[in-house]
Novice: 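I'd like to ask you about the structure that follows.
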Amino acid sequence: MTTQEPLPTPLDEPVPLIARHRAVTPAWLALYYADPIELTHGEGRHVWDSDGVRYLDFFGGILTTMTAHALPEVTKAVSEQAGRLLHSSTLYLSTPMVELAEQIAMLSGIPDAKVFFTTSGTEANDAALLLATSYRRSNQVLAMRNSYHGRSFSTIGITGNSSWSPTSLSPLQTLYVHGSVRTSGPFAHLGDRAFIDACVADLEDMLAQVGGPVAALIAEPVQGVGGFTHGPDGLFAAFKRQVLDRLGILWISDEVQTGWGRTGDHFWGWEAHGQSGPPDLLTFAKGLGNGLSIGGVVARAEVMDCLGANSISTFGGSPVTTAGALANLRYLLEHDLQGNARRMGRILRQRLDVTARQLPMVREIRGKGLMIGVELVDQDGQPSALAAATVLERARELGLLIGKGGPQGSTLRIAPPLTLTEDEAVEGAELLREALRQAQQELWSVEEEL
């Protein structure tokens, strides 16, 4: 018996990339925009999509393109290292890894510091939790309400934002602390000093009811996914001085989004709370690699060395990523991009503050340096995810890429590369103002008609 060959059929039409994407990736993998775009190349603070449309990038791949797209110094370092050796693992010595670790240990402010490299912020926080719980012989962890620390099983377990925590299962017992959302909650009506005192008292009260030791407090100095919220400067210093040090609880500063000078006034976010000294552990990722996949933990040597078993990292600290990250970090330091973040952040903030006074849809402008949140509300004054999504669309149509977040998805996130120029800051602020104006006119007029 023979089988008949199928008859030839006309060539199918090309399948759109979005359809191919949805066919092979998880349903929960989010995409921006009603009509998602593919970014194909970038230069400086601009990127282009597959249709050739140019955008001013005010989100930097989720705060990851720290210096600039296609920064020549980084491209050159990656290319040269790739031409020599792509990979070796931590089983072998690596000059770029050691040089980068030396630089980060010195910059961290942590005495007797050691560095362990990972491939992401999630993995960095996961490693920090492993170190802290092992050192303290406890699986109890303090985390801030509205926090986000990654997508692994352990980091989801300490994430205080239900939109990003799909399971209640966790290897850790997590206790959530007040303090990182200044303008809402039971202490919002208090002045800064009284706010800090109330948060410290609440922490003391909570810990008095906990059995056994607590390993660590993990906290973002400015919450990223949470919508760029933060407590008063000095909050974590008060926690450390009045509570943590007395009980031996370690402080982990999650600097995945706040590090490397982005907040302008400080190189690390923890320094706004540094009256009691540096944290015991510090995690980093995102901006260091300028798009390369790198993260890591800095810790006091006695904490870093506490594990009683062998370990390696296959990809953490790879020659290519550390060479590129070292070039990126050197560029940032040599060009005082922290100072530029402070200056450009001030320009953006001043213009956005004016916009907020003109448009009642804007409830609050917050953040530090080039890490600015714009919280939006509906006509009833309630947080509006619809408003944020609409502004995101209108901004893209105008040629501006921004992000969004917050517990209700109602906050715009503004975080351009740290080489942003004054002309670009002014242009971006004007584009965002127009996007906000269009969205308010569109949404509020519809609500009035209803």
Side-chain angles (χ1 to χ4, degrees), residues 6 8-71 74-75 78-79 82 86 119-123 148 150-152 163-164 166 224-225 256-257 285-287 289-295 315 318 320-321 324 385-405 409 411-417 424 428 431-432 434-435 438-439 442:
T9 58
L11 291 176
D12 293 332
E13 291 293 324
V15 178
L17 185 60
I18 179 62
R20 294 164 56 195
H21 173 93
R22 287 174 175 156
V24 296
T25 61
W28 42 259
L29 193 62
L31 284 170
Y32 271 172
Y33 310 118
D35 184 15
I37 60 176
E38 179 190 13
L39 301 180
T40 58
H41 61 286
E43 182 178 350
R45 276 69 52 197
H46 291 87
V47 291
W48 284 258
D49 69 16
S50 55
D51 292 325
V53 179
R54 189 181 82 150
Y55 303 93
L56 180 59
D57 186 3
F58 264 38
F59 199 38
I62 320 178
L63 290 83
T64 301
T65 306
M66 177 169 69
T67 48
H69 291 282
L71 187 71
V74 173
T75 302
V78 169
S79 177
L86 278 171
T119 60
S120 69
T122 291
E123 192 186 345
Y148 175 83
R151 55 176 170 71
S152 68
S163 296
W164 294 88
V225 169
V256 169
Q257 297 197 32
K286 288 192 182 290
N290 204 43
L292 296 166
S293 182
I294 190 169
F315 293 107
S318 82
V320 171
T321 55
L386 176 60
T390 304
V391 175
L392 206 75
E393 294 284 356
R394 300 299 162 263
R396 182 194 64 79
E397 292 166 3
L398 293 167
L400 178 70
L401 302 185
I402 56 177
K404 61 186 177 74
T411 301
L412 306 175
R413 294 201 286 164
I414 313 301
E424 290 164 344
L431 291 173
L432 182 56
E434 177 60 19
Q438 290 182 14
E442 175 184 338

Novice: Between Ile37 and Tyr55, is any pair of side-chain heavy atoms under 4.5 Å apart?
Specialist: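 Yes; the side chains approach each other to less than 4.5 Å.
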
Novice: List the atom of Leu56, the atom of Glu424, and the distance in Å for their closest heavy-atom pair.
Specialist: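 Of all heavy-atom pairs spanning Leu56 and Glu424, the closest is CD2-O, 3.7 Å.
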
Novice: For atom CD1 of Ile62, is the number of surrounding heavy atoms from other residues, nucleotides or ligands below 6.0 Å larger than 12?
Specialist: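 Atom CD1 in Ile62 is not crowded, with 12 or fewer foreign heavy atoms closer than 6.0 Å.
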
Novice: Between Thr122 (side chain only) and Arg151 (backbone N and O only), is there a donor and an acceptor less than 3.5 Å apart?
Specialist: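 Yes, the answer is positive, given that a donor and an acceptor are paired below the 3.5 Å cut-off.
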
Novice: Tell me whether Thr65 contacts the main-chain N or O of Pro417 through its side chain, where contact means a donor paired with an acceptor under 3.5 Å.
Specialist: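 Absent.
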
Novice: Would Leu401 and Arg396 satisfy side-chain contact (heavy atoms from CB on, under 4.5 Å), going step by step from the backbone distance to the final call?
Specialist: CA-CA 6 Å; Leu401 302 185; Arg396 182 194 64 79; 4.2 Å; yes

Novice: Report the distance from atom CG of Asn290 to atom OG1 of Thr321, rounding to the nearest 0.5 Å.
Specialist: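 Answer rounded to 0.5 Å: 13.0 Å.
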
Novice: Without swapping roles, check the side chain of Thr25 against the backbone of His21 for a donor-acceptor pair under 3.5 Å.
Specialist: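 A pair under 3.5 Å: yes.
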
Novice: Grab the two heavy atoms, one from Ala388 and one from Gly409, that are nearest each other, plus how far apart they are.
Specialist: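 Answer, listing the atom of Ala388 first, then Gly409: CB-O, 3.4 Å.
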
Novice: To the nearest 0.5 Å, what is the distance between OG1 (Thr119) and CG (Leu292)?
Specialist: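 If we round to the nearest 0.5 Å, Thr119:OG1 and Leu292:CG are 12.0 Å apart.
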
Novice: Hey, could you give me the CD1/CG distance between Ile414 and Leu400, rounded to the nearest 0.5 Å?
Specialist: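 Between Ile414 CD1 and Leu400 CG, I get 7.0 Å after rounding to 0.5 Å.
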
Novice: Can you tell me how far apart CG (Leu86) and OG (Ser318) are? Round to the nearest 0.5 Å.
Specialist: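 One finds 8.5 Å between CG of Leu86 and OG of Ser318.
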
Novice: Any idea which heavy atoms bring Gly61 and Thr64 closest together, and the distance?
Specialist: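 Heavy atoms only, the tightest pair is O-OG1, 3.0 Å.
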
Novice: To check you understand the geometry: which heavy-atom pair defines the closest contact between Ala285 and Ser120, and what is its length?
Specialist: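 That would be CB-C, 3.9 Å.
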
Novice: Going from CZ on Phe58 to CD1 on Ile402, what distance comes out if it is rounded to the nearest 0.5 angstrom?
Specialist: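 Interatomic distance, Phe58 CZ to Ile402 CD1, rounded to 0.5 Å: 10.0 Å.
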
Novice: Where is the tightest heavy-atom contact between Glu393 and Tyr33, given as atom of each residue plus distance?
Specialist: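 Residues Glu393 and Tyr33, closest heavy atoms: OE2-CA, 3.1 Å.
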
Novice: May I have the step-by-step check of side-chain contact (heavy atoms from CB on, under 4.5 Å) for Lys286 and Gln257, ending in yes or no?
Specialist: CA-CA 7 Å; Lys286 288 192 182 290; Gln257 297 197 32; 3.8 Å; yes

Novice: Is the side chain of Arg413 donor-acceptor paired with the backbone N or O of Gly224 at a distance under 3.5 Å, no angle test?
Specialist: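 Here the side-chain-to-backbone pair exists.
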
Novice: Does any part of the side chain of His69, heavy atoms only, come nearer than 4.5 Å to the side chain of His46, both counted from C-beta?
Specialist: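 They are not in contact (no side-chain heavy atoms under 4.5 Å apart), so the answer is no.
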
Novice: Just wondering, do Leu432 and Val391 contact through their side chains at under 4.5 Å, heavy atoms?
Specialist: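 SC-SC contact between Val391 and Leu432 confirmed.
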
Novice: If I take atom CD from residue Glu38 and atom CG from residue Asp51, how far apart are they, to the nearest 0.5 angstrom?
Specialist: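 Those atoms lie 9.5 Å apart.
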
Novice: Return the minimal non-hydrogen interatomic distance between Thr75 and Ala70, and the atom names on each side.
Specialist: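 Where Thr75 meets Ala70 most closely, the heavy atoms are OG1-C, 4.0 Å.
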
Novice: Within the 4.5 Å heavy-atom criterion, are Asp57 and Leu39 side-chain neighbours or not?
Specialist: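 No; the side chains remain at least 4.5 Å from each other.
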
Novice: Is there a donor-acceptor pair under 3.5 Å between the side chain of Glu123 and the backbone N or O of Gly295?
Specialist: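 No; zero donor-acceptor contacts below 3.5 Å.
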
